[in-house]
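Note that these values count all heavy atoms, side chains included, but never hydrogens, waters or copies made by symmetry.
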Amino acid sequence: MAQSIDYASWIVTLADYQLIDIYQQFAERYSRTHDTLGEALEAKFGLSLDGVTLNESHQMVVAATQLDASSERIINYLNEYAQLSINAMFFSAFEDNGNRYLSRAWMIDPDEPTKPVARKTNKEPWNGGFYASFGDDRPWELARRGIPKLLQCFQKATVYGSTV
């Protein structure tokens, strides 16, 4: 999971020329039929590189034979609440009467339309107040001393478990 997110966070920073260079290095290293990204796009999709916006959006796919429950929960959360396009593809190899097969299955059907993000709506509206713990059991005494003293105390206040 972390590796997929790390790759995506790196890829999104790349300029067009960097993506073109990466493909060219790949094509040279692995003796690909198409030497340039433009040739590969034309052959595979019938698209001209001039008419394509590179790196406009991307999807993350985790390839695995299986995932633990935590990873499945993370993928579902990122899709449903964080609106990141991440999925898992499961591969399985097997043999039958001397024939070898490779099967694949998606965790989330890629053809299924995305659902709108569900949000919890049972929260009360914010009352405009703040809460801070001053490290003792007497915050009312600090307020009684006046605003200047209260502001001084904020320098040592603990908010959400960390000292400010």
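- One hydrophobic cluster holds both L67 and Y77 under the rule that ILVMFWY side chains link at heavy-atom gaps under 4.5 Å.
- Counting only heavy atoms from C-beta outward, the side chains of L14 and I22 approach each other to under 4.5 Å.
- Note that OG1 of T36 is 7.5 Å distant from CG of L49, once rounded to the nearest 0.5 Å.
- A single hydrophobic cluster is not seen to contain both I74 and M89; linkage of ILVMFWY side chains at heavy-atom distances under 4.5 Å, directly or through other members, places them apart.
- Summarising the local packing, CD of Q3 is surrounded by 12 or fewer heavy atoms from other residues, nucleotides or ligands at distances under 6.0 Å.
- Clustering ILVMFWY residues whenever any of their side-chain heavy atoms sit less than 4.5 angstrom apart, transitively, puts L84 in a cluster other than the one holding V61.
- Listed for the D35 side chain is no donor-acceptor partner under 3.5 Å among the backbone atoms of A27.
- Atom CE of M1 sits about 11.0 Å away from atom CZ of R73, to the nearest 0.5 Å.
- Taken from CD1 in I75 to CD in E72, the straight-line distance is 7.5 Å, to the nearest 0.5 Å.
- In this structure, N79 contributes its side chain and I86 its backbone to a donor-acceptor pair below 3.5 Å.
- L54 and Y23 fall within the same hydrophobic cluster, defined by Ile, Leu, Val, Met, Phe, Trp and Tyr side-chain heavy atoms under 4.5 Å apart, directly or through other members.
- Enclosure of atom CZ in F94 by more than 12 non-hydrogen atoms of other residues, nucleotides or ligands within 6.0 angstrom is indicated.
- Interatomic distance, H58 NE2 to Y7 OH, rounded to the nearest 0.5 Å: 14.0 Å.
- Here the rule is side-chain contact (heavy atoms from CB on, under 4.5 Å) with N87, and of Q59, M107, M60 only M107 fits it.
- Side chain of D68 to main chain of S71: a donor-acceptor pair is present (N/O by atom type, distance under 3.5 Å, no hydrogens or angles).
- Linking ILVMFWY side-chain heavy atoms closer than 4.5 Å, directly or via other members, places L41 and Y30 in a single hydrophobic cluster.
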